[in-house]
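Structure first, commentary second.
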Amino acid sequence: MNQTFAEILLFVFVAINAALLIFIAGVLGKVMNDMDETAFKHFAMSLYRHSTRSLFMNTVLTVPFLGAIPYFCFYGFKNSWITAGLAIWLLAGSIGKMIKLPVFKSVATLASSDAAELISARKKLNFGNMLQAVLNFVSAALMTVAFIHH
């Protein structure tokens, strides 16, 4: 595998991450906003449970991290656009987990009648998804520059 092919593979998976998060932040965020608190609680728990068990989601979300390790071992950090894109992608995932995992854990413990807390959780979840979507988009955009300047 040559460096360009490795960079294309990494870019494809980062771009898929960005597309998924843009969909989640945009479409699913609006769907969640249309739900009452009981429906939101059920939906959020179902989304979390099914996404953590999804082979597709786990593959798409893990490949850039696992792929970056051999990429940097073989090719180093010379391509600053790929390096910056992967760094921002990793930052986006870390921030997303720090914001969203506590929300999912708190939603799991709340009663459906805890309306104010569920509304607050929904806002935090929407914020975390939007922030992660924006950072993933920036990551993919930076990696795109690598191919323009190649």
Side-chain angles (χ1 to χ4, degrees), residues 1-35 39-110 118-150:
M1 177 182 306
N2 68 26
Q3 183 173 355
T4 302
F5 184 68
E7 290 168 353
I8 290 169
L9 281 177
L10 288 169
F11 167 73
V12 165
F13 279 93
V14 167
I16 292 170
N17 273 245
L20 282 170
L21 264 296
I22 290 167
F23 174 78
I24 290 168
V27 175
L28 291 186
K30 290 176 183 165
V31 169
M32 287 188 290
N33 288 339
D34 287 344
M35 297 176 177
F40 164 70
K41 177 181 169 66
H42 176 74
F43 179 79
M45 294 296 84
S46 181
L47 176 67
Y48 179 76
R49 184 178 60 254
H50 291 294
S51 64
T52 57
R53 295 178 185 165
S54 167
L55 180 61
F56 172 76
M57 290 296 286
N58 287 317
T59 301
V60 167
L61 297 174
T62 305
V63 165
F65 179 74
L66 294 179
I69 295 167
Y71 173 81
F72 289 128
C73 287
F74 288 118
Y75 306 114
F77 298 90
K78 294 177 204 140
N79 190 329
S80 57
W81 296 109
I82 297 294
T83 300
L86 288 170
I88 291 174
W89 175 84
L90 184 60
L91 178 69
S94 299
I95 291 172
K97 283 194 186 315
M98 289 187 322
I99 293 172
K100 295 186 300 185
L101 282 180
V103 172
F104 284 117
K105 288 180 181 185
S106 74
V107 167
T109 64
L110 294 171
L118 286 166
I119 289 169
S120 175
R122 180 171 41 207
K123 288 179 183 177
K124 288 176 187 172
L125 189 57
N126 283 336
F127 173 76
N129 285 332
M130 187 59 71
L131 180 61
Q132 193 173 3
V134 167
L135 290 174
N136 275 320
F137 177 80
V138 169
S139 175
L142 287 171
M143 293 176 82
T144 301
V145 175
F147 302 109
I148 296 169
H149 283 96
H150 208 226

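Predicted model, so just to flag it, every value in this text is computed and none were measured.
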Just verifying a value: how many Å separate Ile82 CD1 and Trp89 CH2, rounded to the nearest 0.5 Å? 13.5 Å
Show me the donor-acceptor pairs, under 3.5 Å and distance only, between side chains in residues 21-34 and residues at least two apart or in other chains.
unit_1 : atom_1 : unit_2 : atom_2 : d
Asn33  : OD1    : Asn126 : ND2    : 2.8
Asn33  : ND2    : Gly29  : O      : 3.3

Distance, nearest 0.5 Å, that separates CZ of Phe127 from CD of Gln132: 11.5 Å
Checking Lys41 side chain against Leu110 main chain: does a donor-acceptor pair fall under 3.5 Å? yes
Considering residues at least two apart in sequence or located in another chain, which fulfil the side chain to side chain contact (heavy atoms under 4.5 Å, CB included) criterion with Val63? Phe13, Thr59
Quick one: pull up CG in Leu20 and CZ in Phe56 and give me the separation to the nearest 0.5 Å. 5.0 Å
Short side-chain to backbone donor-acceptor contact, Ser54 and His50, under 3.5 Å: no
Spacing of OG1 belonging to Thr144 relative to CD1 belonging to Ile148, to within rounding of 0.5 Å: 6.5 Å
Restricting to non-hydrogen atoms, name the atom on Trp81 and the atom on Leu142 that form the minimum distance, rounded to 0.1 Å. CB-O, 3.4 Å
Could I get the full list of side chain to side chain contact (heavy atoms under 4.5 Å, CB included) partners for Leu61, not counting sequence neighbours? Asn17, Met57
Closest heavy-atom contact between Ala140 and Ala15? CB-CA, 4.2 Å
Identify the two heavy atoms, one from Pro102 and one from Lys97, that lie closest to each other, and give their separation to 0.1 Å. CD-O, 3.5 Å
Which pairs of donor and acceptor atoms, one on a side chain in residues 64-73, lie under 3.5 Å apart (sequence neighbours left out)?
unit_1 : atom_1 : unit_2 : atom_2 : d
Tyr71  : OH     : Gln3   : NE2    : 3.3
Tyr71  : OH     : Glu7   : OE2    : 2.5

Please walk me through it: do Tyr75 and Thr83 pass side chain to side chain contact (heavy atoms under 4.5 Å, CB included)? CA-CA 11 Å; Tyr75 306 114; Thr83 300; over 6 Å; no
If you look at every heavy atom in Ala44 and Val107, which pair is closest and at what distance? CB-CG1, 4.4 Å
Nearest 0.5 angstrom please: Arg53 CZ to Asn58 CG, how far? 11.5 Å
Contacts of Ala108 meeting side chain to side chain contact (heavy atoms under 4.5 Å, CB included) (sequence neighbours excluded), chain-then-number -> Met45
Would you find more than 12 non-hydrogen atoms of other residues, nucleotides or ligands less than 6.0 Å from Met130 atom CE? no
May I have all residue pairs that pass salt bridge (Lys or Arg N to Asp or Glu O under 4.0 Å) and include part of residues 122-138, sequence neighbours excluded? Glu37-Arg122
Please report the interatomic distance CZ(Phe11) to OG1(Thr4), rounded to the nearest 0.5 Å. 14.0 Å
